[in-house]
There are 2 protein chains.
Amino acid sequence: MERKDIEEKYTWDLSKIYQDPQEFYHDIEVSEQLLDELTSFQGKLTESIETLLRFLSKRDEMSMLVSKAYCFAHLNCDVEPKNQEYQKMLATVMSLIQQSSVKLVFVDNEIVENDEKVKEYLKDDRLKSYRYSLKNALAFKPHLLDKEQEELVAKVDNISELAEQVFDSLRLEFEDVEVNGQKKTLNQATLNEFLKNKDREVRKQAYHHFFKEYQRFENTFASTLSGVMKKDAFYSDIRHFDSPLAASVFNDDVPTDLFFKILDKANNEYRYLFHRYNHLKKELLGLDEIYNYDLSVPLVKSVSKKFTIEECFDIINQALTPFGKDYLAIINRAKEERWIDYYPTVGKRGGAYSSGSYLTQPYILMNFIGDYNSLSTMIHELGHSVHTYLSSHNQDYINSNYRIFVAEVASTVNETLLINYMMDHASSKEEKAYYIYEQLENCVGLIFRQPMFADFEHRLHEMAKNNEPMSSKIMTDLYGKLNQEYFGKEVKMDELVGWSCYYVPHFYYDYYVYKYTLGMTVALAIVKRILNGDTQQVERYLNFLKSGGKESPVDLLSHAGVDPLDDAIYDDAFHYFEDLLNEFEKLVK
Amino acid sequence: MERKDIEEKYTWDLSKIYQDPQEFYHDIEVSEQLLDELTSFQGKLTESIETLLRFLSKRDEMSMLVSKAYCFAHLNCDVEPKNQEYQKMLATVMSLIQQSSVKLVFVDNEIVENDEKVKEYLKDDRLKSYRYSLKNALAFKPHLLDKEQEELVAKVDNISELAEQVFDSLRLEFEDVEVNGQKKTLNQATLNEFLKNKDREVRKQAYHHFFKEYQRFENTFASTLSGVMKKDAFYSDIRHFDSPLAASVFNDDVPTDLFFKILDKANNEYRYLFHRYNHLKKELLGLDEIYNYDLSVPLVKSVSKKFTIEECFDIINQALTPFGKDYLAIINRAKEERWIDYYPTVGKRGGAYSSGSYLTQPYILMNFIGDYNSLSTMIHELGHSVHTYLSSHNQDYINSNYRIFVAEVASTVNETLLINYMMDHASSKEEKAYYIYEQLENCVGLIFRQPMFADFEHRLHEMAKNNEPMSSKIMTDLYGKLNQEYFGKEVKMDELVGWSCYYVPHFYYDYYVYKYTLGMTVALAIVKRILNGDTQQVERYLNFLKSGGKESPVDLLSHAGVDPLDDAIYDDAFHYFEDLLNEFEKLVK
């Protein structure tokens, strides 16, 4: 579908950000002036608390404008990648971000060099909202290089993002898949549909046509994937971290233990539950041998219910009733004020995300096709958007950005409330089984699959750290092996499974994937209490959303009532999966 | 054609380098040990002349081995890119090169810090063969950072090569071209054939099918092309050069003037001659309007002579007779000892090159199809290989590597001798016209087209230096504009001309292209004298080949009898083109 064929109300309204390019370039100019003013603080940043305060508030001012401009450019690029006007805007704002990071290198150095003075200043309530960020800056002292080296590092940033850029820019095209004699279009959006097809030949063909394209470009993908790992290893090395993992968790302000705890729970302690589920699949599908491309075939008759966008909002409003009117009012605004770009169109970026800035609405990109997955994605992204909205409206700019850690909680709580609502309102045993099945699949994705991803990513990071060769053969062999262990002995691997690692964008996001598992685990704990009628939990949860990023993730979550370092919440999550599996078995066997 | 279908004598024999992978990995191990020994010199490198000498000769030892291993891996990868064993070897050796550059960072710093002492040492003849390289190291003083920063920079090298890597790894596939109702395969090797087709529809279709693929991946190519420019700008910036150009010419040990002289001569002073040639094309082809994709249509009946490989060698031997027996004996060895991989095969890298190392033969990769161009390419690459051979056999390792500047002289002298031989031995007026036409085209490529490329590349470098946005639109617009000026008003540009910049690998080689113009110019001067029977020039030229890289390019060329800074040699080259054009006009009009 072309963009022009979509009804306006189903597209996002970015004109609220800028009416025309002149406004965009005006903000760029103002930001450049602000940057000049900011650089004039060099050498005297900490000379008085007033000076520091003036600097920080001016920096916020610039940063807000730049984020707004970036938001406009990247949202537009994602729906119209061929529009070179938007590409130019994106390049302009990226170049400004790069310049500002080089020019403002002195900031962290001057803060760290005058740490005693800054610690004194921090006692003053005028710096109240900057406390958390300044404390983080001070804690970075052991990893901060001298000013000349920091300037050099800031310049490296300009050339180190290439791996992600290239990965993002590579849009592959796939050979058609033949279904009942008819050629059907294969792409990232339709792959999953083909993998659900009852005809194994269709699944196999789709899998092959899809991943052979990744194989065709394997040397390119090997360059970008190893490139991003080498980049992370480079930064961790020069900043005297023990490893890329240590650098990543430092940056997230969480302990390293958390990472290994999650991997250990999912990949060792509880993996047998996933294997049990795969065994059940083989049995229910009546297959002599089961391949990895067979595992998406629905185990129950799909509730082929289709949802209009309006119906989705009705259900979402029902499912999120526990959060109260204020929360729902924001959801309503998302619909009425066109924060969402719903439908897939030619060239539009696949998948879904929520993205905004302090000075804009939190926009949502979707590829809505009206199935349950679309509904679930919508409530997921709305979770992010409401989080952003509440954070922006309750926190100063500096504390409004929250980390992925807490982000995935907000979205997963919503998804979990939705599936519970659907299970509860199922009109038949079949429908109930269907939603349980959906939740089992969801759990597999978040609490089993992501930790396997995390293991792979961690090994690649270690290879890069140790300067080991990272050819396509080495990486695809490793990925094949990890997948075999992951799926278990009963599942046969397709010969192309190794190349499927090139398909996962999250490997470019520096230890991102395990945070999904944490998000799901925490969300399950929160939802359980909310559904048990714990109104205090609702209150705490909403306060957590309003807190944005004013504290460390562990603190924020603890205030929401959940300790992410507690073994019990992981055990609970895997037992939840086990209970669900038991219930499902009873329903379908 | 598959590799296995090629007669063995037409493939290169890499088994002379290593019989099996074990030998390769053995050399890697030895190199690693040598590297460990080398690092133990840290802190005492210049403590005595004996120590310095021991270090330098050990470094040569390691470097020779690593080059040998690299040679084996990259040659194999280029003919069998899917063979992951070779990809692994390449990754292994690249990783070792990276490690060694990090570990040996101290070398330049210790030399520069002790420059007075080193200058004293240099008077001692035991350091004779290291004089030029050590003088270069000392001259780098203003651009050398302190040791900590240099270590950081060496680590950056590990992540800064990504743009080239990705560009090299991207192998596009193109839609077929319809010729007389038949679908024909379009690729980098066949494009030029289609552009010579008499049917404009075929030319247009080939041009479109080819460059629309580059357009399809434009954001990827824009990332890599701007990426490499940003990389060059980064290094020039941190090393306190005025510009990427200044850094490049410093590295080549030539003055900046040379670059601007070449561009000015070709792009301003003499461009009218190229426009005159294009006008003649329009006239001779009888076209009302002429497009850029029309310019390759032969102006004269092609001498559809096909040459077997054996015939090529006969002609090459004749054409290079002035160089004498010793030179020809090396050419004969190239044939007999299988230094050359002749035929195109599935997956094999396109184009042609000569590549070897001090411990191996100088191998040649070709995509031989038996036409005059194949013959010409063969003599060109043999020029490089003989240069490498003579340099390796007459210079110590440290002085054996020569720069591109002088490299392109060795190849172009051969090409020019060949075309002169063909003109002289033409059996008819038509045949003579054909070879003059070939030489006109050759001149266009080297003395007109490369300086236009150089202008484009220089502008991109300046953009990167000034942090200007470099979107695909900006770069393709600029390239379109420069092409229009280059071809002249009479030639219409196809709408895709802007995207053809993504096709040129040389833009990834840091101010490479203008060196072709220099090579051609110098070669014309040398050949003119040789053909005039100047035997002293032959002697001087052979000595130049044997000199390898023991001096600066300007010195090496001056010893060969040509001053590259002299305006007259450029004027001569363009007048040679004019004379050729006059002669051609007389023959065909």
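So that the names make sense, note that chain A is the first sequence line, chain B the second, and so on, each numbered from 1.
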Review point. At what distance, to the nearest 0.5 angstrom, does OG of A:Ser223 lie from CD of B:Glu164?
Key: 10.5 Å
Practice item. Please state whether the side chain, the backbone, both or neither of A:Leu145 comes within less than 4.5 Å of a heavy atom of chain B. Key: side chain
Show which side-chain atoms of residues 166-175 of chain B pair as donor or acceptor with protein atoms under 3.5 Å away, not counting sequence neighbours.
from, atom 1, to, atom 2, distance (Å)
B:Ser169, OG, A:Thr220, N, 3.4
B:Ser169, OG, A:Thr220, OG1, 2.6
B:Ser169, OG, B:Gln165, O, 3.4
B:Ser169, OG, B:Val166, O, 2.8
B:Arg171, NH1, B:Gly347, O, 3.3
B:Glu173, OE2, A:Arg216, NE, 3.0
B:Glu175, OE1, B:Lys212, NZ, 2.4

Check your understanding: More than 12 foreign heavy atoms under 6.0 Å from NE2 of B:His26: is that the case here?
Key -> no
Point to revise | B:Asp477 atom CG: more than 12 heavy-atom contacts under 6.0 Å | key: yes
Exercise for review: Look up atom CG in A:Leu162 and atom OG in B:Ser226, then write down how far apart they are to the nearest 0.5 Å.
Suggested key: 7.5 Å
Check your understanding: With only heavy atoms counted, which part of A:Val153 is less than 4.5 Å from chain B, the side chain, the backbone, both or neither?
Key -> side chain
Review point. Non-hydrogen atoms of chain B under 4.5 Å away: do they reach the side chain of A:Gln149, the backbone, both or neither?
Key: both
**Study point:** Neighbourhood of chain B inside residues 72-83 of chain A, taking heavy atoms under 4.5 Å as contact
**Key:** A:Pro81, A:Lys82
Revision key, fill the gap. Under a 4.5 Å heavy-atom criterion, the part of residues 467-475 of chain A in contact with chain B comprises A:Asn467, A:Pro469, A:Met470, A:Ser471, A:Ser472, A:Lys473, A:Ile474
Check your understanding: How far does CD of A:Gln84 sit from OG1 of B:Thr476, to the nearest 0.5 angstrom?
Key -> 6.0 Å
**Study point:** Rounded distance (nearest 0.5 Å) linking atom NZ of B:Lys155 with atom CD1 of A:Ile238
**Key:** 8.0 Å
Check your understanding: With a cut-off of 6.0 Å (strictly less than), are more than 12 heavy atoms of other residues, nucleotides or ligands near NZ of A:Lys88?
Key -> no
Practice item. Counting only heavy atoms closer than 4.5 Å, note whether B:Gln87 contacts chain A via side chain, backbone, both or neither. Key: both
Check your understanding: How many angstroms lie between atom CG of B:Leu152 and atom CD of A:Glu148, to the nearest 0.5 angstrom?
Key -> 12.0 Å
Study note, to complete from the structure: By ring pair (Phe, Tyr, Trp, His ring centres under 6.0 Å), A:Tyr25 pairs with (sequence neighbours left out) none
Point to revise | Sub-4.5 Å side-chain heavy-atom contact between A:Asn158 and B:Phe234 | key: no
Revision key, fill the gap. Per side-chain contact (heavy atoms from CB on, under 4.5 Å), A:Ile159 is matched among B:Val156, B:Asp232, B:Val228 by B:Val156
